[in-house]
Amino acid sequence: MLVGVPKEIKNHEYRVGLTPAAVKEFVSHGHSVLVETNAGDAIGFTDEMYVEAGAAIASTADQVFAEAEMIVKVKEPQPNECKMLRKGQTLYTYLHLAPDPTQTKLLVESGATCIAYETVTDDRGGLPLLAPMSEVAGRMSVQAGAHYLEKAHGGSGTLLGGVPGVAPGKVLVIGGGVVGTNAAKMALGLGADVTILDRSLPRLRQLDDIFNGQVKTVYSTVDAIEHYSSKADLVVGAVLIPGAAAPKLLTREQIKAMKPGSVLVDVAIDQGGCFETSKATTHQDPVYIVDDVVHYCVANMPGGVARTSTMALNNATLPFGLALANKGPAKAMLEDKHLLNGLNVHEGKVTYKAVVDALGEELGLTYTPAEVALKGE
Ligand SMILES: NC(=O)C1=CN([C@@H]2O[C@H](COP(=O)(O)OP(=O)(O)OC[C@H]3O[C@@H](n4cnc5c(N)ncnc54)[C@H](O)[C@@H]3O)[C@@H](O)[C@H]2O)C=CC1
Ligand SMILES: CC(=O)C(=O)O
Ligand SMILES: [Mg+2]
């Protein structure tokens, strides 16, 4: 198979779909790889390294999209990229379709086979291709929060760790999955006072064990969110209902009632955000203020530490990517229910139910089960 890797074009996005080491794996399995020039240059993966790994270098994205049978990316395709996709071509990347009608419509129109990293599953009920970036974003969320709590950056002037004689800052993490656990680890490491809310009791039990009682775990209710957010210095939004638009858990009223200069980091912004006042921001312009509360809502946080993130992402995407190339996409998905769960759009049909639930009415879409769409029944 001819695998294509275009350069990412989202704001300050320096990650790349395949590392040179991953290219070498594809080539060693008999595949060809075409990488757009300078695709990895910003993070130290030069064209020379890709050539040494066995790739050919394309001078434009157009060439990559025109020639490749499978496009491997990181972020969701931007409108001009969607328009270059075609029937018979596979797109393997993050999509986050539920909050994004424009992209959904364009991918349906393209006829391409579109696999979303974030909905591929594993045997333990996890999301193995989302997890590495959630680890990164969870850890970054506290770094970002601590930064924006500084007075000069719009915050209240609170040091999360406190000092002897002064109480530490309060961190509220809503959603105790991968992002939430990693946020809690970092916040605890800084010496903050950490509370995690989740609506899964088994998960709260696990968190209590993991943190050996050092973080407070609280069952997530409207009342708990209201109570703990009003006392927090930093709130991290880390909930997920896989593939679906994020539920709005913190209302404008509750945000208004927060302490002036407190900080919200809405990691769930890639699924539309879990705070009523959230709107996606970029690394170039990451924050804005509503009712004296600083909002950080960067939709591609791991892009900020693109070198670590690219390597972490490739560790997870490589085995599935190789299966798609080795067996062909349809056979690979039909033989692996977890990879099949990644299929969101195929030949104009939407094959992920939560996307149809979110956008079906607006776009006039109906749901086709992935297996049915692939078998052309
Ligand atoms: N902005 C960015 O750059 C990035 C964003 N993300 C996003 O972060 C979000 C979280 O991802 P993960 O931690 O991997 O998901 P996860 O599935 O590991 O954890 C989500 C947790 O939210 C909990 N939850 C669901 N509804 C809840 C509610 N009403 N109240 C409290 N908890 C609730 C679930 O029980 C689960 O424990 C996702 O939207 C993901 O796409 C991930 C990586 C990067
Ligand atoms: C998961 C995601 O949105 C990201 O890594 O950018
Ligand atoms: Mg206020």
Side-chain angles (χ1 to χ4, degrees), residues 8 10-17 73-76 93-100 116-122 124-141 144 172-185 195-207 210 217-226 228-229 235-250 265-275 278 280-283 286 296-306 308-310 312-314 316-317 354:
E8 293 296 315
K10 202 164 168 147
N11 182 272
H12 282 274
E13 183 53 77
Y14 306 108
R15 283 175 287 179
V16 57
K73 269 178 56 62
V74 179
K75 287 311 285 183
E76 69 279 0
T93 192
Y94 287 116
L95 295 179
H96 306 291
L97 292 180
D100 192 346
Y117 290 161
E118 73 276 9
T119 65
V120 173
T121 52
D122 66 22
R124 296 185 313 281
L127 302 167
L129 306 194
L130 181 62
M133 296 304 93
S134 292
E135 289 166 347
V136 171
R139 289 176 185 215
M140 282 180 83
S141 67
L172 172 64
V173 180
I174 309 180
V178 182
V179 168
T181 306
N182 281 276
K185 267 186 193 160
T195 303
I196 308 183
L197 304 186
D198 204 291
R199 62 172 188 178
S200 156
L201 271 183
R203 185 61 195 157
L204 291 176
R205 286 193 187 101
Q206 281 173 337
L207 289 167
I210 292 169
T217 57
V218 176
Y219 189 70
S220 180
T221 59
V222 172
D223 188 63
I225 290 173
E226 191 165 302
Y228 286 95
S229 65
V235 181
V236 177
V239 297
L240 176 65
I241 297 161
K248 301 288 178 205
L249 297 177
L250 203 54
V265 176
D266 197 346
V267 185
I269 192 66
D270 58 347
Q271 293 293 142
C274 63
F275 308 137
S278 295
T281 60
T282 61
H283 283 291
Y296 176 101
C297 304
V298 176
N300 59 331
M301 291 174 69
V305 289
T308 300
S309 298
T310 295
L313 181 61
N314 270 252
T317 55

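Basis for what follows: all heavy atoms, side chains included, without hydrogens, waters or symmetry-related copies. Along the sequence shown, residues are numbered consecutively beginning with 1. Counting starts at 1 for both ligands and their atoms, in listed order. From a predicted model like this one, the values you see are computed outputs, not experimental measurements.
- Under the 3.5 Å distance criterion, the side-chain polar atoms of Glu118 are matched with a main-chain donor or acceptor of His96.
- Side-chain N or O atoms of Asp198 include none that pairs as donor or acceptor with a backbone N or O of Arg203 at under 3.5 Å.
- Of the protein's non-hydrogen atoms, Val179 N, 2.8 Å is the one closest to atom 13 (O) of ligand 1.
- If you look at Gln271 next to ligand 1, the close heavy atoms, those under 4.0 Å, all belong to the side chain.
- Inter-residue side-chain proximity for Ile241 and Val239 is flagged as unmet; no heavy-atom pair is nearer than 4.5 Å.
- Which parts of ligand 2 touch Asp270 is read off a 4.0 Å heavy-atom cut-off, strictly below it: atoms 1 (C), 2 (C), 3 (O).
- Within ligand 2, counting atoms from 1 as listed, the ones closer than 4.0 Å to a heavy atom of Met133 are 5 (O).
- For His96, the closest heavy-atom approach to ligand 2 falls below 4.0 Å.
- A donor-acceptor contact shorter than 3.5 Å links the side chain of Asn314 to the backbone of Gly17.
- The contact set between ligand 2 and Leu130, taken as ligand atoms under 4.0 Å from a residue heavy atom, comprises 1 (C).
- Shortest contact from atom 36 (C) of ligand 1 to any protein heavy atom: Asp198 OD2, 3.5 Å.
- Here Tyr117 has no heavy atoms under 4.0 Å from ligand 2, in either its backbone or its side chain.
- Of all protein heavy atoms, the one lying nearest to atom 44 (C) of ligand 1 is Ala137 CB, 3.5 Å.
- For Leu130, no nitrogen or oxygen atom sits less than 3.5 Å from a nitrogen or oxygen atom of ligand 1, counting backbone and side chain alike.
- The protein atom (non-hydrogen) at minimum distance from atom 18 (O) of ligand 1 is Val178 N, 3.0 Å.
- In this structure, the side chain of Thr93 engages the main chain of Lys75 through a donor-acceptor pair within 3.5 Å.
- The ligand atoms of ligand 1 that sit less than 4.0 angstrom from a heavy atom of Met301 are 2 (C), 3 (O).
- The closest protein non-hydrogen atom to atom 30 (N) of ligand 1 is Ser220 OG, 2.9 Å.
- Distance alone, capped at 3.5 Å, is enough to place a donor-acceptor pair between the Thr281 side chain and the Pro286 backbone.
- The CD1 atom of Ile269 sits 11.5 Å away from atom OH of Tyr296, with the distance rounded to the nearest 0.5 Å.
- Looking only at heavy atoms of the protein, atom 19 (O) of ligand 1 is closest to Gly177 CA, 3.2 Å.
- In this pair, His12 and Tyr14 present their aromatic rings perpendicular. The plane angle is above 60°, beyond the 30 to 60° band.
- Within the 3.5 Å criterion, the main-chain N or O of Gly138 finds a donor-acceptor partner in the side chain of Ser141.
- Asp270 places no side-chain N or O within donor-acceptor distance of the main-chain N or O of Ala299, the cut-off being under 3.5 Å.
- By the 3.5 Å distance cut-off applied to N or O atoms, Arg15 is counted among the residues near ligand 2.
- Distances between N or O atoms of Asn300 and those of ligand 2 include no value under 3.5 Å.
- Residue contacts with ligand 2, taken as heavy atom pairs separated by less than 4.0 Å, involve Lys75 solely via side-chain atoms from C-beta onward.
- Taking 4.0 Å as the cut-off, Ala299 counts as a neighbour of ligand 2 on heavy-atom distance.
- Distance alone, capped at 3.5 Å, places no donor-acceptor pair between the Asp266 side chain and the Ser278 backbone.
- Contacts with ligand 2 closer than 4.0 Å are made by no heavy atom of Val136, backbone or side chain.
- Shortest contact from atom 5 (C) of ligand 1 to any protein heavy atom: Val267 O, 3.0 Å.
- Here the rule is side chain to side chain contact (heavy atoms under 4.5 Å, CB included) with Val218, and of Ile174, Leu197, Leu204, Ile196 only Leu197 fits it.
- Short contacts between ligand 1 and Gly175, defined as distances under 4.0 Å to a heavy atom of the residue, involve ligand atoms 22 (O), 32 (N).
- Close approach to Asn300 involves these atoms of ligand 1, each under 4.0 Å from a residue heavy atom: 3 (O).
- Heavy-atom contacts of Ala299 reach the following atoms of ligand 1: 1 (N), 2 (C), 3 (O) (cutoff under 4.0 Å).
- Relative to atom 9 (C) of ligand 1, the option among Val265, Leu249, Val239 with the closest non-hydrogen atom is Val239.
- No option in Glu76, Arg15, Glu13 other than Glu13 meets the side chain to side chain donor-acceptor pair (under 3.5 Å) test with Asn300.
- Looking only at distances, no side-chain donor or acceptor of Glu8 sits under 3.5 Å from a matching main-chain atom of Lys73.
- Look at Pro302 and you'll find a heavy atom under 4.0 Å from some atom of ligand 1.
- The side-chain heavy atoms of Ile225 and Ser220, taken from C-beta on, include a pair separated by under 4.5 Å.
- In the candidate list Arg199, Met133, Arg203, Arg199 is nearest to atom 25 (C) of ligand 1, counting heavy atoms.
- Residue Leu240 touches ligand 1 through backbone and side chain together, judged by heavy-atom distances below 4.0 Å.
- Any N or O atom pair closer than 3.5 Å counts here, and Asp270 shares at least one such pair with ligand 1.
- Heavy-atom separations between Ala246 and ligand 1 are all 4.0 Å or longer.
- By the criterion of a heavy-atom distance under 4.0 Å, both the backbone and the side chain of Ser134 are placed next to ligand 1.
- In this structure, Val298 has a heavy atom closer than 4.0 Å to ligand 1.
- At least one donor-acceptor pair under 3.5 Å links the side chain of Tyr94 to the backbone N or O of Leu129.
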